[in-house]
2 protein chains.
Amino acid sequence: MKYSKATNYALHTMMYLVASETNKPVGVQQLADKQDVSPTYLSKILTKLVKAGLIESASGAGGGYRLKGRREDVSFLEIIHAVEGTASLFDCCGNTHSQCAIHRVMLASEEAMEQKLRDTKMIELADALPRK
Amino acid sequence: MKYSKATNYALHTMMYLVASETNKPVGVQQLADKQDVSPTYLSKILTKLVKAGLIESASGAGGGYRLKGRREDVSFLEIIHAVEGTASLFDCCGNTHSQCAIHRVMLASEEAMEQKLRDTKMIELADALPRK
DNA sequence: CAATCGCGGACTTTATGTATCTATAATAGT
DNA sequence: ACTATTATAGATACATAAAGTCCGCGATTG
Ligand code: SF4
Ligand code: SF4
């Protein structure tokens, strides 16, 4: 029951992209250097963000990744869901019957966490990031 | 990033113990039957609950498990922490420095979930459980 | 064309979760 | 004291997921 490291990498990358002034594509090599991850692995993670519509990629020389939507809209939850998936943390016997009280409590608590993550946008704290 | 099945078993067992009228020890065999788990495996999980002080065990004939504290006090969070551990879901570079904004957000969201789990006591919904 | 760069699949390696088996220790009833 | 019962702990086996690598393909720039 932990976030995968991939989530960590995705969050840091997105934070960098949101905080960056320009809108030029940034190569995965450059992004990977800042977090000492192998570029190929980071690329695999960022592809998930592309498919989720958070960023877009440009192939070929001078290519890389850049934000797709408005930078003010990027929330923590979107990133986490793109990497970890949107399934519930609590998967019981399959039947998501709303009769079960245990199930309801677990879902409600999970929703409380997601609400906070949905409400917090990356741009809110992009300035607190140490200059790179 | 999912709760382990062990958490599920622990929650159901505790729910049963809280909902039960008597305070007599219940054998692991009986508890395991209700959830189709192997008794030895369930025993290993319940031992964690014992060490966490939630229940107590009685060896020997007529032994088993029973609640230790007051039945009104058992919260979801205690059980989950006993099984999954109390470590943060988001383990980054190790330094829990409060300067990092990302870290703060992740911890805050996690705390929101835990708050809900801490506030919800098992007894509140013990009656909603189907009679067994 | 040639160098650059993201994409995708296959693969290896760890780590964790799940589960069983067995031996040991403690207790109750006889 | 003896025996049946029951929790505990360790070893072991298996399954699944996470973490990371490798390589070839296709797209793009200059
Ligand atoms: S919590 Fe409810 S839905 Fe989930 S396994 Fe238990 S009874 Fe089924
Ligand atoms: S979130 Fe903050 S504390 Fe965690 S790894 Fe990133 S910089 Fe370090």
Side-chain angles (χ1 to χ4, degrees), chain A residues 1-13 17 24-33 35-68 80 82-85 87-93, chain B residues 1-13 17 24-33 35-68 80 82-85 87-93:
Chain A
M1 180 61 170
K2 282 200 182 312
Y3 286 106
S4 70
K5 289 190 178 184
T7 297
N8 209 347
Y9 297 144
L11 285 175
H12 281 78
T13 302
L17 290 178
K24 299 270 182 185
V26 184
V28 72
Q29 183 72 54
Q30 183 181 345
L31 294 167
D33 285 344
Q35 316 177 39
D36 65 298
V37 197
S38 89
T40 54
Y41 183 43
L42 183 60
S43 165
K44 200 173 287 286
I45 298 166
L46 294 188
T47 300
K48 289 185 181 179
L49 298 182
V50 171
K51 287 182 178 164
L54 287 170
I55 58 180
E56 59 189 1
S57 63
S59 285
Y65 298 92
R66 80 181 139 204
L67 286 184
K68 188 170 185 184
I80 293 172
V83 177
E84 300 273 350
S88 167
L89 301 184
F90 187 69
D91 55 342
C92 353
C93 47
Chain B
M1 179 64 170
K2 281 201 181 313
Y3 286 105
S4 71
K5 288 190 179 185
T7 296
N8 210 347
Y9 297 144
L11 286 174
H12 281 78
T13 302
L17 291 178
K24 299 270 181 184
V26 184
V28 72
Q29 184 72 55
Q30 184 181 345
L31 294 167
D33 285 344
Q35 316 179 38
D36 65 299
V37 196
S38 91
T40 54
Y41 181 44
L42 183 59
S43 165
K44 198 175 287 287
I45 298 166
L46 295 187
T47 300
K48 289 184 180 179
L49 298 182
V50 171
K51 288 181 178 166
L54 288 169
I55 57 180
E56 60 190 0
S57 64
S59 284
Y65 299 91
R66 79 181 139 203
L67 285 184
K68 189 171 185 184
I80 293 173
V83 177
E84 300 273 351
S88 167
L89 301 185
F90 188 69
D91 56 342
C92 356
C93 47

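Quick note on labels: first sequence line is chain A, next is B, and so on, each numbered from 1. Because only heavy atoms are used, hydrogens play no part in the values below, and waters and symmetry mates are left out as well, while side chains stay in. From a predicted model like this one, the values you see are computed outputs, not experimental measurements.
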Whole-Å distance separating the [atom1] atom of [X] from the [atom2] atom of [N]:
X       : N      : atom1 : atom2 : answer
B/Tyr9  : C/dG17 : OH    : C1'   : 11 Å
B/Ile55 : D/dT6  : CD1   : C1'   : 14 Å
A/Asp91 : D/dT16 : CG    : P     : 14 Å
B/Lys48 : C/dT18 : NZ    : C1'   : 11 Å
A/Asn8  : D/dA18 : CG    : P     : 15 Å
A/Leu42 : D/dT21 : CG    : P     : 12 Å
A/Met1  : D/dT16 : CE    : C1'   : 17 Å
A/Gln29 : C/dA3  : CD    : C1'   : 15 Å

Self-check item: Closest-nucleotide 5' rank along DNA chain D - winner of B/Gly62 and A/Val37
Solution: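 Closer to the 5' end of DNA chain D: B/Gly62.
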Does [N] have its OP1 or OP2 closer than 4.0 Å to a side-chain nitrogen or oxygen of [X]?
X       : N      : answer
A/Ser59 : D/dT29 : no
B/Ser4  : C/dT18 : yes
A/Ser57 : C/dC7  : yes

Quiz prompt | Atom pair CZ/NZ of A/Arg66 and A/Lys24 - distance to nearest 0.5 Å | solution = 9.0 Å
Could you work out which one of [options] sits closest to the side chain of [X]?
X       : options               : result
B/Tyr65 : D/dT21, D/dT8, D/dG20 : D/dT8
B/Ala61 : C/dT27, C/dG6, C/dT18 : C/dT27
A/Ser38 : D/dA19, C/dC7, D/dT21 : D/dT21
A/Tyr41 : D/dT8, D/dA18, D/dG20 : D/dG20
B/Ser43 : C/dA19, C/dC7, D/dA7  : D/dA7
B/Thr47 : D/dG20, C/dG17, D/dT8 : D/dT8
A/Lys51 : D/dT8, C/dG8, D/dG20  : C/dG8

Exercise. Could you say whether A/Val28 or B/Pro39 is positioned toward the 5' end of DNA chain C, judged by the nucleotide with the nearest heavy atom to each?
Key: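 Between the two, 5'-proximity favours A/Val28.
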Self-check item: Min side-chain heavy-atom separation B/Tyr3-B/Asn8 under 4.5 Å
Solution: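 Side chain of B/Tyr3 against side chain of B/Asn8, heavy atoms only: no contact under 4.5 Å found.
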Exercise. Find out whether B/Val28 and B/Thr40 are in side-chain contact, i.e. whether some heavy atom of one side chain is under 4.5 Å from a heavy atom of the other.
Key: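 No, every pair of side-chain atoms sits at 4.5 Å or beyond.
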Exercise. For B/Thr40, answer base if it contacts any base atom (sugar-phosphate contacts may also be present), sugar-phosphate if it contacts only those atoms, and nothing otherwise; contact means non-hydrogen atoms under 4.0 Å.
Key: base
Exercise. Identify whether any heavy atom of B/Tyr3 sits under 4.0 Å from a base atom; if not, whether one sits that close to sugar-phosphate; answer base, sugar-phosphate or nothing.
Key: nothing
Self-check item: Side chain A/Lys5, main chain B/Asp91, donor-acceptor under 3.5 Å
Solution: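 No, the answer is negative, given that no donor and acceptor are paired below the 3.5 Å cut-off.
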Quiz item: Is it true that a side-chain atom of B/Ser43 and a backbone atom of B/Pro39 form a donor plus acceptor pair closer than 3.5 Å?
Solution: no
Quiz item: Would you say the base of D/dG10 and the side-chain of B/Lys44 have a donor-acceptor pair closer than 3.5 Å?
Solution: yes
Practice problem: In sequence, state the C-alpha distance, the side-chain angles, and the governing distance for B/Lys68 and B/Leu54, and then conclude on side chain to side chain contact (heavy atoms under 4.5 Å, CB included). | Solution: CA-CA 6 Å; B/Lys68 189 171 185 184; B/Leu54 288 169; over 6 Å; no
